[in-house]
Amino acid sequence: MKVLITGGAGYIGSTIATALIEAGHAPVLLDSLVRGRREFASGLPLYVGDVGDPQTVRRVFSEHPDIACTVHCAALAVVGESVSDPISYYESNVTASLRFFETLLEVGRPSVIFSSSASVYAPNETFEVTEESPLAPASPYAWTKRMTEQMLTDVAAATALRAISLRYFNPVGADPTGRTGPYDPRPTHVLGRMLAVAQGDLPEFVITGTDLPTPDGTGIRDYLHVWDLARAHVAAVERFDAVLEAEGAPSAVLNLGTGSGVSVRELVDTFERVSGRPLPVREGAPRPGDAVGAYANVDKAQKLLGWRATSSLDDALRSAIEWAGRWRAATSA
Ligand SMILES: NC(=O)c1ccc[n+]([C@@H]2O[C@H](COP(=O)([O-])OP(=O)(O)OC[C@H]3O[C@@H](n4cnc5c(N)ncnc54)[C@H](O)[C@@H]3O)[C@@H](O)[C@H]2O)c1
């Protein structure tokens with residue numbers, strides 16, 4: 001099947017491209033390169049442009065009329081940046097997405113798998129969230145994800161558009177083929193900052209928030225190997241109609257996580273064990289927009305996609321550490 005991946009030169013989109021190729025599908029990429037890396041699109045058809053530009057999107061579909069569905073990963077995706085620059089986030093993630101969905105309807109290919117986020121959930125006492133759990137986006141970034149989900153629900157109810165929103169928990173690690181992985185030289189995610197410390201780029205790892213309402217006071221996340229996440233997209237592409245049929249609706253929402261919560265302190269311990277070295281750690285204040293955290297109930301994804309995460313946290317961290325070393329060598333050469 002031919003599949004358009006927006007944001008296909010980014011971390012997750014490029015990994016999805018590899019997983020689709022391995023499963024015998026043919027990805028086509030659309031990316032503005034505002035982030036991402038051109039070399040992550042190497043060997044694949046890449047259109048450089050904005051998803052909100054109808055002319056570019058029309059060109060993609062006129063040159064690839066056999067694209068069956070779109071995985072819509074394109075977005076700005078740094079929580080702290082969304083707090084300081086909300087206009088860019090609403091513009092890129094909401095306004096451009098709406099234009100994009102409109103153009104997909106116009107070209108007659110309105111099947112969308114959308115990269116949403118666990119950041120839409122409200123904190124709860126058990127930390128486990130199902131797709132029905134209360135929502136409370138805590139940052140402009142999280143609001144852009146929630147608003148886009150709602151746009152998809154409303155547009156799907158009124159038009160031929162069909163949509164599956166996948167709420168990613170915390171993707172880590174790299175594509176096992178070594179093709180692509182995390183590339184941000186100033187990562188804000190917790191594991192990226194640990195790797196920066198381990199590589200000597202930061203003096204210490206700061207635990208941002210040690211007094212949170214969690215068992216050990218630090219944030220809870222559900223760290224999912226990006227390869228497991230990418231495989232879930234292959235299942236979503238292949239079972240697109242069956243998922244919506246089972247849902248009995250023109251749109252659906254599914255959690256993608258491992259089903260286990262890990263605190264930041266537990267992540268530090270695992271990182272030290274897997275890397276074989278101690279990590280200098282300091283305790284600090286929470287960052288604006290950061291959530292206390294949650295882990296996914298993944299029953300729905302298991303049932304509808306026939307998918308579950310199979311990698312352990314150790315595997316995911318090993319993959320992240322190995323990739324970070326290779327990426328550093330390649331980009332500093
Ligand atoms: N990485 C995570 O922890 C995480 C967690 C949950 C959800 N997500 C979502 O997954 C998706 C991919 O995230 P990522 O980590 O790969 O980020 P990324 O920044 O590596 O990839 C996003 C890509 O989208 C492109 N892009 C941004 N705006 C665009 C636009 N208007 N038109 C065309 N291209 C555009 C960028 O150039 C970049 O290559 C995003 O939608 C993000 O919100 C990511």
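This structure is a prediction, so every number in the text was calculated from the model and none was measured. Just so you know, ligand 1 is whichever comes first in the structure, and atom 1 is the first atom listed for that ligand.
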For Ser14 and ligand 1, answer yes if some heavy atom of the residue is under 4.0 Å from a ligand atom, otherwise no.
no
Any atom of ligand 1 sitting under 4.0 Å from a heavy atom of Pro182?
no
Test item, Gly52 contacting ligand 1 (heavy atom, 4.0 angstrom):
no
Just to be sure I'm reading this right: ignoring hydrogens, which of Val71, Asp50, Val79 gets closest to atom 31 (N) of ligand 1? Compare them by their nearest heavy atoms.
Asp50
Run down the list Tyr11, Phe100, Tyr89, Tyr183 and name the one with the heavy atom closest to atom 19 (O) of ligand 1.
Tyr183
For atom 3 (O) of ligand 1, which protein heavy atom lies nearest, and how many Å away is it?
His189 CE1, 3.1 Å
Enumerate the atoms of ligand 1 whose separation from the nearest heavy atom of Gly49 is less than 4.0 angstrom.
32 (N), 33 (C)
Distance from atom 22 (C) of ligand 1 to nearest protein heavy atom, with residue and atom:
Ala75 O, 3.6 Å
Apply the test side-chain contact (heavy atoms from CB on, under 4.5 Å) to residues Arg37 and Trp327: give CA-CA distance (whole Å), side-chain angles for both, the deciding distance (0.1 Å), then the verdict.
CA-CA 12 Å; Arg37 301 284 301 203; Trp327 181 246; 3.6 Å; yes
Residues Thr258 and Asp222: side-chain donor-acceptor under 3.5 angstrom:
yes
Element-labelled atoms of ligand 1 that are located less than 4.0 Å from some non-hydrogen atom of Ser116
6 (C), 7 (C)
heavy-atom search around atom 36 (C) of ligand 1 in the protein gives Asp31 OD1, 3.4 Å
Less than 4.5 Å apart, side chain to side chain, heavy atoms only: is that true for Glu22 and Val234?
no
Check contact between Asn170 and ligand 1, using heavy atoms of the residue and a distance below 4.0 angstrom.
no
Atom 28 (N) of ligand 1 [closest protein heavy-atom partner, distance rounded to 0.1 Å]
Ser92 OG, 3.4 Å
Any N/O of Tyr168 closer than 3.5 Å to an N/O of ligand 1?
no
Evaluation steps, side-chain contact (heavy atoms from CB on, under 4.5 Å), between Val48 and Arg38
CA-CA 9 Å; Val48 178; Arg38 186 181 277 275; 3.8 Å; yes
For Tyr121, is the NZ or CZ atom of Arg167 found under 6.0 angstrom from the centre of its six-membered ring and inside 45 degrees of the ring axis?
yes
Based purely on interatomic distance, does Ser117 place a nitrogen or oxygen under 3.5 Å from a nitrogen or oxygen of ligand 1?
no
Suppose I only count heavy atoms of Ala9 and a 4.0 Å limit; which atoms of ligand 1 are within that range?
39 (O)
Is the closest side-chain heavy-atom distance between Phe61 and Thr103 below 4.5 Å?
no
Contact check: Ser32 vs ligand 1, nitrogen or oxygen atoms, below 3.5 angstrom:
yes
Are any non-hydrogen side-chain atoms of Arg179 and Ser14 less than 4.5 angstrom apart?
yes
For atom 17 (O) of ligand 1, find the nearest protein heavy atom and state the residue, atom name and distance (0.1 Å precision).
Ala77 CB, 4.3 Å
Nearest-option assignment for atom 11 (C) of ligand 1, heavy atoms, candidates Pro187, Cys73, Ala118
Cys73
Of Asp184, Thr95, Ile12, Thr6, which has the heavy atom at the shortest distance from atom 16 (O) of ligand 1?
Ile12
Any heavy-atom pair between the side chains of Thr70 and Arg109 that's under 4.5 Å?
no
Which ligand 1 atoms does Gly36 reach within 4.0 Å, using its non-hydrogen atoms?
38 (C), 39 (O)
Would you say the side-chain atoms of Tyr141 and Glu81 include a donor-acceptor pair closer than 3.5 Å?
no
So, for His189 and Tyr11, is the gap between ring centers shorter than 6.0 Å?
no
Do Arg146 and Gln150 have side-chain N/O donor and acceptor atoms under 3.5 Å apart?
yes
Numbered in order shown, the ligand 1 atoms found under 4.0 Å of a heavy atom of Gly7 are 23 (C), 24 (O), 25 (C)
Do His233 and Tyr168 have ring centroids that are under 6.0 Å from one another?
yes
I want to know if ligand 1 touches Val34 in the polar sense, i.e. an N/O pair below 3.5 angstrom.
yes
Ligand-residue contact atoms, ligand 1 with Leu33, heavy atoms, under 4.0 Å
37 (O)
the protein heavy atom lying closest to atom 32 (N) of ligand 1 turns out to be Val51 N, 3.0 Å
With a 4.5 Å cut-off on side-chain heavy atoms, are Asn93 and Leu76 touching?
yes
Nearest neighbour in protein (non-hydrogen) for atom 21 (O) of ligand 1:
Gly10 CA, 3.4 Å
Answer yes if the side chains of Thr177 and Asp175 hold a donor-acceptor pair under 3.5 Å, and no otherwise.
yes
Which atoms of ligand 1 sit under 4.0 Å from any heavy atom of Lys145?
40 (C), 41 (O), 42 (C), 43 (O)
Test item: side-chain donor near acceptor, Glu149 and Ser116, under 3.5 Å:
yes
Please report whether ligand 1 has a polar contact with Pro171, defined as an N or O pair separated by less than 3.5 Å (distance criterion only).
no
Please tell me if the side chains of Trp307 and Arg239 come closer than 4.5 Å, counting only heavy atoms from C-beta onward.
no
Tyr141 to ligand 1: N or O pair under 3.5 Å?
yes
